[in-house]
Colleague: 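Here's a structure for you.
All heavy atoms count here, side chains included; hydrogens, waters and symmetry mates do not. We count ligands from 1, going down the list as the structure has it; atoms in each ligand are counted the same way.
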Amino acid sequence: MLYYSTKNKDTKASLQEAVVNGLAPDRGLYMPEHIPQLPAEFFEEIVNKSLPEIASVVAKAFFGDDINKDNLDSIVTETLNFDIPLKEIDEDIYVLELFHGPTFAFKDVGARFMARMLSFFIKERKQDDVKVLVATSGDTGSAVANGFLGVDGIQVFVLYPSGKVSKMQEAQFTTLGQNIVAIEVDGTFDDCQSLVKSAFMDEELNIQLNLTSANSINVARFLPQSFYYFCGFAQIAKTLNDRNLLFSVPSGNLGNLTAGLFAKRMGLPVNRFFAANNRNDVFYKYLNTGEYQPKPSVQTIANAMDVGAPSNFDRILDLYGGQHESISRDIKGFSYNDSQIEETISNLYKKSGYILDPHSACAYQALKEGKKPGETGILLATAHPAKFRETVERCIDSKIEIPADLEKFTLKQKHSYSIPNDFNIFKKALINLT
Ligand SMILES: *Cc1c(COP(=O)(O)O)cnc(C)c1O
């Protein structure tokens with residue numbers, strides 16, 4: 001299968017090129033040339049399948065022309081060696097916990113899948129070594145760093161805004177060593193993202209280093225996130241027949257949501273989606289008005305969604321031929337400020353004892369407000385509440401248990417390179433560190 005650029009459908013790339021380049025040469029996002037349909041039998045038998053079995057079918061539909069089944073299956077099984085439980089937490093509201101991977105956030109799956117796929121290209125397809133650049137507001141950096149840790153032929157640079165990520169998040173990408181380098185920028189997340197963008201556009205750097213991105217612009221990172229939606233469906237289908245399914249997705253760069261839209265196009269019976277934003281509500285405003293106005297991000301307690309210019313927006317436009325009407329028919333937007341998020345965490349805890357993290361809280365509140373009677377809502381819980389310990393403990397007014405595998409990061413020594421928000425200094429650092 002070939003991948004075209006959202007900026008020009010005639011610009012095409014192989015899977016390997018799309019994954020290694022991240023962005024198309026014209027700065028567009030890669031899209032698969034066609035979206036494969038899964039047969040009706042797959043959906044009939046899905047309740048009897050394990051998550052890796054489901055994911056194997058989905059992965060084969062997209063990547064099966066380019067990677068043989070055995071290799072693809074080993075990429076899938078190395079990626080998905082943890083549970084994704086579904087729990088009923090309210091009337092007709094279920095939570096699908098996507099956060100049981102190594103860094104306790106949903107990005108683990110995409111990051112690991114991408115690392116394993118790149119590693120396959122390096123080992124089997126004579127791909128040169130690559131440098132991965134990733135800007136993070138917290139969770140991407142930890143997932144990518146852990147997903148790529150120790151993978152031969154790949155060095156990872158994580159850029160993060162100094163003082164603007166939680167201690168727990170910071171520990172997850174500054175304590176690893178090996179092939180993972182943390183770069184602490186005196187600036188905002190948007191500054192980090194611009195530094196990364198400038199690096200990709202810098203001719204000299206691109207001649208010296210083979211640079212790629214592990215943000216959700218990369219097809220190998222965002223497409224595997226569609227596994228979640230099939231997995232949620234498979235679990236719901238065990239108990240409910242007439243489903244009228246609705247997925248509520250905590251949204252920032254819109255990678256997770258876009259993967260859900262792909263799942264629907266592949267035949268997954270989903271009625272509609274909710275996109276829950278924090279105060280960074282560019283997409284919410286677009287859904288309501290048809291006007292897309294990116295703006296600088298503001299800091300919130302759901303910091304992995306502090307995004308002012310969602311990078312997958314163009315993929316959604318492309319998927320719907322730019323039709324605002326059809327986009328807003330399939331997706332309804334919601335936006336919550338910090339105090340609404342805190343109130344939501346507090347209220348659900350009092351009502352049921354279930355603890356939400358600040359991102360998932362947005363998606364839960366969207367369901368409370370927007371789900372119609374007769375609809376079954378699945379909330380995608382994107383991070384373990386312990387990753388946002390201070391905020392969550394304040395909201396529920398009690399201590400939460402920190403999983404030992406999460407605590408272990410904070411016990412290790414931090415290593416990072418501090419730089420000002422200056423491209424030339426960043427460029428020098430990059431050259432010196434590789
Ligand atoms: C990244 C992230 C999101 C937003 O996901 P996108 O795919 O960027 O929309 C939501 N919640 C958490 C915890 C995240 O880490």
Colleague: Should L118 and V130 count as side-chain neighbours, where that means a heavy-atom distance under 4.5 Å?
Modeller: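 Yes, their side chains come closer than 4.5 Å.
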Colleague: Where on M305 is there a heavy atom closer than 4.0 Å to ligand 1, on the side chain, on the backbone, on both, or on neither?
Modeller: side chain
Colleague: I'd like to know if F99 contacts ligand 1, where contact means a heavy-atom distance under 4.0 Å to any ligand atom.
Modeller: no
Colleague: Distance to 0.1 Å, residue and atom name: give those for the protein heavy atom nearest to atom 15 (O) of ligand 1.
Modeller: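 Looking only at protein heavy atoms, the one closest to atom 15 (O) of ligand 1 is K107 NZ, 2.5 Å.
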Colleague: Counting each atom of ligand 1 from 1 as listed, which ones have a heavy atom of N253 under 4.0 Å away?
Modeller: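 So the answer, numbered in order with elements, is 6 (P), 8 (O), 9 (O).
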Colleague: Are the ring centres of F63 and F113 closer than 6.0 Å?
Modeller: yes
Colleague: Any non-hydrogen atom of S251 lying under 4.0 Å from ligand 1?
Modeller: yes
Colleague: Considering only heavy atoms, which of F106, F283, F388, F104 lies nearest to atom 3 (C) of ligand 1?
Modeller: F106
Colleague: Between K387 and D139, does at least one N-O distance fall below 4.0 Å, as a salt bridge requires?
Modeller: yes
Colleague: Tell me which protein heavy atom sits closest to atom 13 (C) of ligand 1, plus the residue, atom name and distance to 0.1 Å.
Modeller: D139 OD2, 3.1 Å
Colleague: List every atom of ligand 1 that sits less than 4.0 Å from any heavy atom of G255, numbering the atoms from 1 in the order shown and giving each element.
Modeller: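 In order of number, 6 (P), 7 (O), 9 (O).
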Colleague: Tell me if the aromatic rings of F106 and F99 count as close, with their centers under 6.0 Å from one another.
Modeller: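 For F106 and F99, the ring centres are not under 6.0 Å apart.
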Colleague: Check this for me: does any side-chain nitrogen of one of R394 and E390 sit under 4.0 Å from a carboxylate oxygen of the other?
Modeller: no
Colleague: Using a strict 4.0 Å cut-off to heavy atoms of A383, name the atoms of ligand 1 that fall inside it.
Modeller: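 Answer, ordered by atom number: 13 (C).
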Colleague: Do K60's NZ or CZ and the ring of F62 fall within the cation-pi criteria of under 6.0 Å and 45°?
Modeller: no
Colleague: Give me the ring orientation class for F273 and F247: parallel if the planes are under 30° apart, tilted from 30 to 60°, perpendicular past 60°.
Modeller: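 Ring orientation, 0 to 90° scale: parallel.
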Colleague: Between F230 and F43, what is the ring plane arrangement, given parallel below 30°, perpendicular above 60°, and tilted in between?
Modeller: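 Parallel.
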Colleague: Going by heavy atoms, is L254 under 4.0 Å from ligand 1?
Modeller: yes
Colleague: Please confirm whether P250 approaches ligand 1 to less than 4.0 Å, judged on its heavy atoms.
Modeller: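 Heavy atoms of P250 do come under 4.0 Å of ligand 1.
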Colleague: Output the list of atoms in ligand 1 that are nearer than 4.0 Å to some heavy atom of N256, sorted by atom number.
Modeller: 7 (O)
Colleague: For atom 12 (C) of ligand 1, what's the nearest protein heavy-atom neighbour? Residue, atom name and distance, please.
Modeller: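 Going atom by atom, the protein heavy atom closest to atom 12 (C) of ligand 1 ends up being T382 OG1, 3.3 Å.
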Colleague: Look at atom NZ of K295 and say whether more than 12 heavy atoms of other residues, nucleotides or ligands are closer to it than 6.0 Å.
Modeller: yes
